[in-house]
Amino acid sequence: MDSLRALARFYRGDGPRVALALVLSALATAAGLAKPWPVAALVDGWAKDGEGRGMEVTRAAAALFGVYVAHALLGSLLSMVLVRTGLGGLQRVRLALHEWMLRLSLRRLLDSKPGDLLYRATWDAFAFQTLFHQGLFTLLTSAGALVAMTAVMWRVHPGMTGVALATVPPLLVVMRGFANGVGGRATAAQAADARLAERTQQALANLPVLQAFQGEAREAAAFAADTTTARQARSGQHQFEVGYLASV
């Protein structure tokens, strides 16, 4: 909830674009739901005999093509609106982070690690765009599509709809079970990458001193150790994510 409140703060001025994205999302969902009907008409028309068979198949094929084109265009427009809106919010986040760093006290600055601040200001800021695009809107569109598909399926066959919905509780259990593990491993991987950024920043800042005292080999060994830690952290994260996808 705190993340959503922070998100709303930086995207408060994008109301019209968010409304447009919601409309495009609803239209794209409707186009996706319309796909089975031209297919059914195409199969029915192909199975018929008589003079009107060719025309009926042609109309069904044209309708199918039109639905797919409409769905693709609506999806592309939605992605474009979301990307532009997300990048605008990301810019505001970066400006706020930069202003915050400029107001840091000397004591706070000396207690902080410059490489860690640099990594978080440049890379971790992308989390706001990801939360807006993949988090908020994916949640809204997926929930809307699930409700609409369930309603359509229920009208066709309530029993099979119940069988399909029976997969939801196990999926929620899997997602809940893997949530803490994924989050912890992602945090560890980000911390390892931040140490790499810090090590690189320190090496560049102190390069004349390292060369003067012939410390290149020692610095290279320390950097190699940090890269190994970062690789292991990312590998553990990705392996856990693969296990999650396999479970789903």
Side-chain angles (χ1 to χ4, degrees), residues 1-18 21 81-139 179-238 240-241:
M1 189 61 66
D2 292 337
S3 299
L4 292 178
R5 280 197 290 265
L7 186 71
R9 172 191 169 192
F10 290 103
Y11 289 93
R12 190 175 295 119
D14 292 316
R17 286 188 176 183
V18 172
V81 172
L82 289 178
V83 167
R84 289 184 177 180
T85 307
L87 289 176
L90 176 61
Q91 182 182 12
R92 289 189 286 272
V93 170
R94 284 173 166 169
L95 290 173
L97 280 173
H98 190 261
E99 292 176 0
W100 173 79
M101 286 190 295
L102 292 177
R103 293 194 300 268
L104 284 176
S105 64
L106 182 59
R107 180 178 179 181
R108 176 70 182 277
L109 186 61
L110 292 175
D111 290 340
S112 302
K113 298 178 180 179
D116 182 68
L117 290 175
L118 178 64
Y119 181 85
R120 297 188 183 282
T122 53
W123 293 106
D124 282 359
F126 278 106
F128 278 86
Q129 183 189 7
T130 302
L131 183 60
F132 172 77
H133 191 173
Q134 303 295 336
L136 180 61
F137 262 88
T138 298
L139 175 63
N180 293 332
V182 171
R185 284 165 174 77
T187 300
Q190 288 179 334
D193 288 340
R195 283 195 296 271
L196 276 180
E198 179 187 357
R199 175 76 64 180
T200 302
Q201 188 269 340
Q202 289 178 350
L204 292 175
N206 301 317
L207 187 58
V209 178
L210 289 173
Q211 293 176 341
F213 289 92
Q214 298 181 349
E216 297 94 328
R218 183 174 64 255
E219 180 63 26
F223 186 80
D226 285 342
T227 58
T228 300
T229 302
R231 177 182 59 80
Q232 292 173 346
R234 286 294 177 187
S235 178
Q237 176 191 356
H238 292 316
F240 202 80
E241 290 173 348

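The analysis underlying the following values was restricted to heavy atoms, covering all of them including side chains, and did not include hydrogens, waters or symmetry mates.
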(message) Quick check: closest heavy atoms across Leu90 and Ala125, and the distance to 0.1 Å?
(response) CD1-O, 3.2 Å
(request) Output, in order, the C-alpha distance, side-chain angles, deciding distance and verdict of side chain to side chain contact (heavy atoms under 4.5 Å, CB included) for Phe126 and Val93. (result) CA-CA 9 Å; Phe126 278 106; Val93 170; over 6 Å; no
(request) Say whether, by atom type as modelled, one donor and one acceptor occur between the side chain of Ser235 and the main chain of Gln232 under 3.5 angstrom. (result) no
(request) Count the heavy atoms of every other residue, nucleotide or ligand shown that sit under 6.0 Å from NE2 of His98, and state whether that count exceeds 12. (result) no
(message) Is it true that Arg94 and Gln91 share a donor-acceptor pair across their side chains at a distance under 3.5 Å?
(response) no
(request) Assess Arg185 against Phe240: is NZ or CZ under 6.0 Å from the centre of the six-membered ring, and within 45 degrees of the ring's axis? (result) yes
(message) Less than 4.5 Å apart, side chain to side chain, heavy atoms only: is that true for Val18 and Phe137?
(response) yes
(request) Work out which heavy atom in Arg234 is nearest to a heavy atom in Asp193; give both atom names and the distance. (result) NH2-OD2, 2.7 Å
(message) Distance check, rounded to the nearest 0.5 Å: Leu95 atom CG versus Arg92 atom CZ?
(response) 9.5 Å
(request) Applying salt bridge (Lys or Arg N to Asp or Glu O under 4.0 Å), run through Asp14 and Arg84 and close with a yes or a no. (result) CA-CA 10 Å; Asp14 292 316; Arg84 289 184 177 180; over 6 Å; no
(request) Enter the distance from Leu196:CG to Gln201:CD here, rounded to the nearest 0.5 Å. (result) 13.0 Å
(request) Over all heavy atoms of both residues, which pair between Glu219 and Ala203 is shortest? Give the atoms and the distance, please. (result) OE2-CB, 3.7 Å
(message) Quick check: do Gln129 and Leu87 have side-chain heavy atoms less than 4.5 Å from each other?
(response) yes
(message) Using 0.5 Å steps for rounding, measure from the CG atom of Leu131 to the CZ atom of Phe10.
(response) 12.0 Å
(request) For the pair Phe132 and Tyr11, name the ring-plane relationship: parallel under 30°, tilted 30 to 60°, perpendicular over 60°. (result) parallel
(message) Minimum heavy-atom separation for Ala230 and Ala192, please, with both atom names.
(response) CA-CB, 3.6 Å
(message) If you compare all heavy atoms of Glu216 against all heavy atoms of Leu210, which two are closest, and at what distance to 0.1 Å?
(response) OE1-O, 3.7 Å
(message) One thing to verify: whether Asp226 and Arg231 come together as a salt bridge, which I'm taking to mean a side-chain N less than 4.0 angstrom from a carboxylate O.
(response) no
